[in-house]
Amino acid sequence: MLIVASHNGAIGMRPAMAALRDGASAMDAVEVGTRLVEANPDEHSVGYNGYPNILGELELDASIMDGRTLDSGAVAAMRGFPYAISVARQVMERKLPHVLLAGEGAERFAREIGAEAWGEMLSDEVRQLWRGRLTTLGTDQADATLPEGTPLLDLVKVATDPERVGSTVNFLAIDSAGDICSGVSTSGWAWKYPGRIGDSPIIGAGNYADNRYGACCCTGMGEMAIRAGTARSVVLYLKMGMTLAEAAHTAMRDLRDLGGDYIGHMNLIALDRHGEHIGLSSEAGRAYIYQTGEMEAHQGVEREVVPILTR
Ligand code: GLY
């Protein structure tokens, strides 16, 4: 048994491992762990109290993938429902003929299945931060709203705050049957354009799992993982016979081929079917965490650095 997560998954590690020890599936463990991060008001890149879009609305993305069957479920730009990972799982388990639901469709589905809805998704503190950001862009603080029809195209480009672009939570698990599951949940970029969807709900970009080879999840600037197909690349490189380290490093180096104005930092965690794990980042000082069934508590590991910024 093994759980590997991004460092902000620490709050969910113990319950997720307890679930695995009780015989739960890898998918149950991923959901248990992720939900605790989604409910954590101090985590501003995931679930409740994440940073909102430019209109002050919190839009959540999440996906989950079953390595046994390659079944997956995902939601994107979903408002009002904090446990995006659970709604994503239900997209898969209710046997919809779809993998990914977005926006109002995702919200309608969440209501239909009775997903837990929270009326207020932001604390006053986060709402103040959003107002402050609008104020610095010339909006009246007393009424920091953007009237219907306000052009957002240029505003969003300057509103982007590099410090708040992409954290996100990742969980990878292997259960006692050797089955693998991967899950990702995020509120995405702070102050993003409404409807912006990152890599987290895109199977192959921010999330991929296949029992036969391994699994990978990403955090960071999602646009890059979408363009490079990063999570699937790692698993495909494993399928092609690379070691886990070779596969993960090659997928990170692939990001160097991307051009354009929006090139930022990327991070990934990955494991192979034997339970080897690795964490990489394009910047120094980033950690990930893991726990095996034999360990009393999770342990942090510094991620290896793979520079990808060429300019
Ligand atoms: N990696 C999370 C996002 O870009 O939304």
Side-chain angles (χ1 to χ4, degrees), residues 38 43-63 74-82 84 87-88 100-110 120-123 126-141 143-169 184-207 218-230 255 258-267:
E38 290 174 330
E43 172 52 67
H44 299 304
S45 70
V46 181
Y48 169 73
N49 215 27
Y51 292 127
N53 67 19
I54 190 77
L55 299 177
E57 294 172 330
L58 185 65
E59 294 181 326
L60 302 181
D61 298 341
S63 66
V75 291
M78 181 179 71
R79 295 164 305 176
F81 298 88
V87 184
L100 168 62
L101 296 178
E104 287 178 12
E107 293 154 18
R108 181 183 180 119
F109 172 77
E120 184 49 75
M121 292 288 284
L122 298 180
S123 65
V126 166
R127 212 167 270 292
Q128 275 306 116
L129 270 174
W130 164 70
R131 285 209 177 90
R133 191 69 184 154
L134 288 191
T135 305
T136 61
L137 300 173
T139 310
D140 175 12
Q141 174 143 28
D143 177 25
T145 56
L146 295 169
E148 187 69 30
T150 303
L152 299 179
L153 182 60
D154 293 324
L155 193 59
V156 162
K157 290 180 197 167
V158 291
T160 301
D161 180 348
E163 294 303 311
R164 304 180 208 272
V165 166
S167 197
T168 300
V169 69
V184 185
S185 183
T186 191
S187 50
W189 281 39
W191 341 129
K192 62 193 173 186
Y193 199 103
R196 177 268 184 186
I197 293 168
D199 59 321
S200 306
I202 308 296
I203 295 299
N207 187 3
C218 302
T219 64
M221 190 169 276
E223 281 70 5
M224 297 173 67
I226 292 173
R227 293 167 65 205
T230 302
L255 295 161
L258 302 175
D261 290 336
Y262 292 96
I263 299 298
H265 286 294
M266 280 295 304
N267 319 282

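Legend: residues meeting salt bridge (Lys or Arg N to Asp or Glu O under 4.0 Å) with Glu107, ordered by chain and number and at least two apart, are Arg79. Evaluation of the side-chain contact (heavy atoms from CB on, under 4.5 Å) rule for Ala77 yields Glu59, Ile197 as partners, not counting sequence neighbours. Residues meeting the salt bridge (Lys or Arg N to Asp or Glu O under 4.0 Å) test with Glu120, sequence neighbours left out: Arg127. With sequence neighbours excluded, no residue forms a side chain to side chain donor-acceptor pair (under 3.5 Å) with Ser200. The side-chain contact (heavy atoms from CB on, under 4.5 Å) search around Ile226 returns Asp199, Ile202, Ala205, not counting sequence neighbours. The side-chain contact (heavy atoms from CB on, under 4.5 Å) test applied to Val126 returns His44, Asn49, Tyr51, Pro52, Leu122, Ser123, not counting sequence neighbours. Taking Asn207 as the reference, Ser63, Ser182 meet the side chain to side chain donor-acceptor pair (under 3.5 Å) condition, with sequence neighbours excluded. Applying the side-chain contact (heavy atoms from CB on, under 4.5 Å) test to Ala106 and every residue at least two apart in sequence or in another chain returns Val75, Met78, Leu101. Residues passing the ring pair (Phe, Tyr, Trp, His ring centres under 6.0 Å) test with Phe81, sequence neighbours excluded: none. Residues forming a ring pair (Phe, Tyr, Trp, His ring centres under 6.0 Å) with His265 (at least two apart in sequence, or on another chain): none.
When all heavy atoms of Leu153 and Tyr193 are compared, the closest pair comes out as N-CE1, 4.0 Å. When all heavy atoms of Asp61 and Ala76 are compared, the pair lying nearest together is OD1-CA, 3.3 Å. Closest of all the heavy-atom pairs between Asn53 and Lys192 is CB-O, 3.2 Å. Taking all atoms of both residues into account, the shortest heavy-atom contact from Ala74 to Pro201 is CB-O, 3.3 Å. Ser187 and Gly50 get closest at one heavy-atom pair: OG-CA, 3.6 Å. In plain terms, the two heavy atoms of Val87 and Ala110 that are nearest each other are CG1-CB, 4.1 Å.
How far CG of Leu129 is from CZ of Arg133: 10.5 Å, rounded to the nearest 0.5 Å. In this structure, the separation between CG on Leu258 and OG1 on Thr230 is 7.5 Å, given to the nearest 0.5 Å. Interatomic distance, Leu55 CG to Trp130 CH2, rounded to the nearest 0.5 Å: 7.5 Å.
Side chains of Leu134 and Ile54 form a contact here, defined as non-hydrogen atoms less than 4.5 Å apart. With contacts defined as side-chain heavy-atom distances shorter than 4.5 Å, the pair Leu60/Met121 qualifies.
Formation of a donor-acceptor pair under 3.5 Å by the Thr186 side chain with backbone atoms of Ser45 is found in this model.
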